[in-house]
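Nothing here was measured: the structure is a model prediction, and the numbers come from that model.
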Amino acid sequence: MPPRQRFAVFGHPITHSLSPRIHADFARQFGIDLTYEAIDANPEGLAEAVHAFFVEGRGANVTLPHKAAAFAMADIATATATRAGTANVLTRLPDGRLEAHNTDGDGMVRDITERHAMDLRGHTTLLLGAGGAARGVAWHLLDAGVGTLTIVNRNPVAADNLADAIGDPARAHTRYWEDLHDIGSFDLIVNATSAGTLGGGLDLPVSIIGSRALCYDLSYGKSAAGFVGWARGAGARYAFDGLGMLVETAADAFERWHGKRPDTDPVYTELRQTYG
């Protein structure tokens, strides 16, 4: 009998992660025998932990706050990861090299447009945050056809750097966080900050909610509860957390590692029933 394939997710904190359960559900669909563990690594110990894991491990997901560091430590990177400068998937190739990839943007757009049946074309879009999560989805929002992308971050330098990397000033630009109270309203508001995960709040004005606004948080569960609750209370037509995105990004990684595409709907439905 061949040895069980070993996979993991790296983050800090990581005890809340649903990734082990999701990948176990996917594996059962195909009768694949694997292990998938959650590894808590602080930023100073990430490189050592990753290299130790990949002595035997085949693939790993990466989450907050390690996506930029994961990209930097890889030997090669896919075009998607290179464009974002971040990675949420690391894969040990047959020749031993470590490959960085990013599934965040594809997973988010698929969740919004297919699971929730939303058309993003032409939307005026506000992206809150400019870190690894924001960089993972920014280009995909533009690829999905949003009309404009306004990037707002508490550190304006990071926002400007992201807009410069996108290189499309007619569609992607930045504003200061202090401008939110008189910045106007938006059709799509994406929360890519880590405020909810870290237990903080955003204190957003209701004036940014457009008449047909869709609000979307890249996190899920308790981490997204504050933003989603604010959006619904402020009158957003639609407000979703990123649970579906999590399942879709996991499916992309699973397919990359195993060459098989899992059915995400039953996994999403079960998690939604469990976690609300």
Distance from [X] atom [atom1] to [Y] atom [atom2], nearest 0.5 Å?
{"X": "H66", "Y": "F10", "atom1": "NE2", "atom2": "CZ", "answer": "8.5 Å"}
{"X": "L127", "Y": "T148", "atom1": "CG", "atom2": "OG1", "answer": "11.5 Å"}
{"X": "T86", "Y": "F71", "atom1": "OG1", "atom2": "CZ", "answer": "8.0 Å"}
{"X": "F7", "Y": "Q5", "atom1": "CZ", "atom2": "CD", "answer": "4.5 Å"}

Mark yes when over 12 heavy atoms from residues, nucleotides or ligands other than D182 sit less than 6.0 Å from its CG; otherwise mark no.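 Yes, CG of D182 has more than 12 neighbouring heavy atoms, counting only those of other groups under 6.0 Å.
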Should we count OH of Y176 as having more than 12 external heavy atoms under 6.0 Å?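 Open.
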Could you check whether any side-chain heavy atom of [X] comes within less than 4.5 Å of a side-chain heavy atom of [Y], counting everything from C-beta outward?
{"X": "I39", "Y": "I14", "answer": "no"}
{"X": "R256", "Y": "T103", "answer": "no"}
{"X": "V137", "Y": "M245", "answer": "yes"}
{"X": "Y268", "Y": "L246", "answer": "no"}

Check this for me: does any side-chain nitrogen of one of D265 and R272 sit under 4.0 Å from a carboxylate oxygen of the other?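 No, no charged N to carboxylate O under 4.0 Å.
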Residues R115, E248: salt bridge by 4.0 Å N-O rule: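 Between E248 and R115 there is a salt bridge, with a charged N closer than 4.0 Å to a carboxylate O.
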Side chain to side chain contact (heavy atoms under 4.5 Å, CB included) between Y238 and C215: does it pass, once the steps are laid out? CA-CA 6 Å; Y238 308 99; C215 293; over 6 Å; no
Hydrophobic cluster membership, with links at side-chain heavy-atom distances under 4.5 Å among I/L/V/M/F/W/Y: are M108 and V247 in one?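 Unlinked, M108 and V247 end up in two clusters.
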Give a yes or no on whether the backbone of T35 and the side-chain of R4 come within a donor-acceptor separation of less than 3.5 Å.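 Checked: no pair found.
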Donor-acceptor contact below 3.5 Å, side chain T113 vs main chain D119: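 Checked: no pair found.
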Tell me yes or no: between the side chains of [X] and [Y], is some donor less than 3.5 Å from an acceptor?
{"X": "H12", "Y": "N42", "value": "no"}
{"X": "D241", "Y": "Y216", "value": "no"}
{"X": "H173", "Y": "T150", "value": "yes"}
{"X": "S19", "Y": "N61", "value": "no"}

For H101 together with W257, are the ring centres under 6.0 Å from each other?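 No - the distance between ring centres of W257 and H101 does not fall below the 6.0 Å cut-off.
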Taking the six-membered ring for Trp, are the ring centroids of H116 and F240 within less than 6.0 Å of each other?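 H116 vs F240: aromatic centres under 6.0 Å.
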Determine which pairs satisfy salt bridge (Lys or Arg N to Asp or Glu O under 4.0 Å) with at least one residue from residues 143-162, sequence neighbours left out, and list them in order.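 Sorted result for residues 143-162: R83-D143.
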Not counting sequence neighbours, list each pair that qualifies as a salt bridge (Lys or Arg N to Asp or Glu O under 4.0 Å) and has a residue in residues 50-68.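 Non-adjacent pairs meeting salt bridge (Lys or Arg N to Asp or Glu O under 4.0 Å): K67-D104.
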Under the side chain to side chain contact (heavy atoms under 4.5 Å, CB included) criterion, do L126 and L180 qualify, and how do the steps go? CA-CA 10 Å; L126 176 64; L180 284 174; 4.0 Å; yes
Going by side-chain hydrogen bond (donor to acceptor under 3.5 Å, both in side chains), name the residues that satisfy it together with E178, two or more places apart in sequence or in a different chain.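 Per chain and number, E178 pairs via side-chain hydrogen bond (donor to acceptor under 3.5 Å, both in side chains) with no residue.
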Once the angle between the rings of Y36 and H23 is folded into 0 to 90°, is it parallel (under 30°), tilted (30 to 60°) or perpendicular (over 60°)?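 Judged by the thresholds at 30° and 60°, the geometry between Y36 and H23 is parallel.
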Which word best sums up how the rings of F254 and F26 line up, parallel for under 30°, tilted for 30 to 60°, or perpendicular for over 60°?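 Perpendicular.
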